[in-house]
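Numbering of ligands and ligand atoms starts at 1, following listing order. Since the model is a prediction, treat every value here as computed from it, not as a measurement. Note that these values count all heavy atoms, side chains included, but never hydrogens, waters or copies made by symmetry.
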Amino acid sequence: MNSSTSSSETSLSAESAIRFSQRGYASADQPISVLMAQALAQPDLISLAAGFVDQTSLPVEIVRAASEKLLSQPEVGAAALQYGTTAGHSGLRDVICQRLAEADGISSEGLAARCMVTAGSNQLLHLVAEAILDEGDVVLCAAPTYLVFMGTLAGVHATSWSVETDHEGMVPESIEATLRQFEEKGELHRVKAIYGVTYFDNPQGISTTPARRAAIVEIAKRWSRKHKIYVIDDTAYRDLRYEEQDEPSLLAYDDMGSHVIETGTFSKSFSPGIRVGWGVIPAELFNVLVQLKGNIDFGSPNFSQALMAEILTSGAHEQQVETLRSAYCEKRDAMLAALEASFGGKDEVSWVHPKGGLYVWLSLPEAVKTGPKGQLFDEAIRRGMLYVPGQYCFPAEGVPGKTNTIRLSFGVQSPDRIHEGIASLAAAVGAII
Ligand SMILES: Cc1ncc(COP(=O)(O)O)c(C=O)c1O
């Protein structure tokens with residue numbers, strides 16, 4: 001290093017010498033991280049915000065027994081404690097695909113070859129975004145939808161674009177109309193995917209009906225004239241059903257396995273601490289995702305995967321899902337009863353009755369602004385409860401977000417605390433209008 005370089009370097013202040021990447025500068029705190037931090041910092045606050053799972057029913061015993069079983073067989077234990085493959089534990093991929101094929105009434109042949117295991121389904125969603133999206137590209141999303149995925153899209157400089165929803169899920173006519181608008185502008189090439197949470201979605205708790213599932217896949221295929229438009233089917237809450245029967249996922253409507261990227265997770269149905277998610281991906285995209293994952297971690301934690309394989313194979317997962325269904329159903333009912341008690345019969349107040357999942361979506365009178373800068377948010381915290389402002393859940397472009405909405409989660413709190421939290425929310429609403 002010559003002396004002039006060294007003197008100019010030392011004359012730079014430490015701060016001006018820092019240069020992040022464009023993505024580094026573009027990154028922002030996810031609203032959900034801020035809300036989670038707020039809840040953790042104030043333990044007395046009744047948080048109906050974060051989508052955490054029920055602490056009291058986490059499967060400690062099941063995991064202890066499965067770990068013991070793995071570790072009591074020296075070779076199996078050692079293999080689980082070694083690095084695995086980038087695509088994931090083959091026994092786990094097999095059992096995930098058998099389960100999926102059975103639930104969807106499809107053949108399991110060839111599924112495992114395009115199944116990969118990730119550290120939660122968020123990582124799968126992130127890899128998909130990295131693999132298919134360039135700056136300026138667009139993903140059509142339900143309005144409202146899973147807010148973390150919209151952050152992922154923003155992080156790769158892509159745009160989440162809203163599609164209308166009703167009580168049956170995304171409205172096919174709205175998807176078509178949006179695609180037509182892009183075509184008319186000569187910008188159809190920007191639309192790379194349609195994303196939906198098709199079982200008890202986050203945040204509305206709405207499931208996509210079979211007719212809508214078929215329509216979404218059909219539209220994606222028909223509009224894939226010049227380039228492929230994928231459908232990302234996020235099935236995070238599929239196992240958490242409290243009413244009616246399971247229905248086949250979008251994969252069942254994609255007979256050639258060409259357009260649907262299906263992702264699922266054991267975070268909600270078993271344990272987010274183990275953090276195992278998966279994806280079944282069209283063949284041409286599968287290798288790209290594996291290569292991208294190879295650059296990140298060349299495989300998710302192998303012990304977690306071996307553990308989940310054991311837990312699924314032994315039937316312990318299904319047993320845990322049964323336990324969770326009854327625990328969450330009670331909490332869901334507590335939240336619906338609390339809403340009825342506090343808001344029933346009130347003008348311009350409504351909520352969705354979810355048949356599964358972890359959320360209730362509440363709409364308040366238009367004039368009530370639920371956002372973090374509005375009066376209600378602060379008043380609710382002052383009265384001891386926290387919610388997710390609904391506006392966080394709306395795509396960046398398209399139809400404007402609804403500023404009078406709230407996402408409530410019944411996953412964490414006990415039925416009593418849910419009642420208290422909703423009563424505090426009602427008192428806060430009463431205080432500001
Ligand atoms: C709709 C949806 N998809 C995916 C995830 C990600 O879960 P994980 O990364 O823990 O698998 C969540 C978590 O809240 C979710 O709500």
Indicate whether any N or O donor in one side chain lies under 3.5 Å from an N or O acceptor in the other, for [X] and [Y].
X	Y	value
T263	D234	no
D201	Y146	no
Q204	T165	yes

Where is the nearest protein heavy atom to [atom]: which residue, which atom, and how far?
atom	result
atom 14 (O) of ligand 1	K268 NZ, 2.8 Å
atom 1 (C) of ligand 1	D234 OD2, 3.5 Å
atom 7 (O) of ligand 1	S121 OG, 3.5 Å

Any nitrogen or oxygen of [X] lying under 3.5 Å from a nitrogen or oxygen in ligand 1? Just yes or no.
X	value
Q123	no
Y237	yes
Y359	no

Practice task
Out of Y195, F149, F200, Y146, indicate the one that has the non-hydrogen atom closest to atom 5 (C) of ligand 1.
Solution key: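 Checking each option, the heavy atom nearest atom 5 (C) of ligand 1 is found in Y146.
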Practice task
Taking the six-membered ring of Y199 (Phe, Tyr or Trp), confirm whether the NZ or CZ of R213 is under 6.0 Å from its centre and within 45° of its axis.
Solution key: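 Geometry flag: set, cation within 6.0 Å and 45°.
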Give the numbers and elements of all ligand 1 atoms closer than 4.0 Å to a heavy atom of [X].
X	result
T265	8 (P), 11 (O)
V197	1 (C)
R275	8 (P), 9 (O), 10 (O)

For residues 291-301, please give each side-chain donor-acceptor pair under 3.5 Å, one per line with the distance, not counting sequence neighbours.
| from | atom 1 | to | atom 2 | distance (Å) |
| --- | --- | --- | --- | --- |
| K293 | NZ | Q123 | OE1 | 3.0 |
| K293 | NZ | D297 | OD1 | 3.1 |
| K293 | NZ | D297 | OD2 | 3.0 |
| K293 | NZ | S300 | OG | 2.7 |
| D297 | OD1 | G299 | N | 3.1 |
| D297 | OD2 | Q123 | NE2 | 3.3 |
| S300 | OG | A119 | N | 3.0 |

Exercise for the section: Check if G120 has a non-hydrogen atom at a distance under 4.0 Å from any atom of ligand 1. Expected result: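 Under 4.0 Å: yes for G120.
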Handout entry: Pair R99 + D239, salt bridge at N-O below 4.0 Å
Key =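 Yes.
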Practice task
Would you mind telling me if ligand 1 is within reach of the side chain of S267, the backbone, both or neither, using heavy atoms under 4.0 Å?
Solution key: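 For S267, only side-chain atoms sit under 4.0 Å from ligand 1.
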Problem - Interatomic distance, S224 atom OG to H259 atom NE2 [nearest 0.5 angstrom] - result: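 Spacing of OG (S224) from NE2 (H259) equals 3.5 Å.
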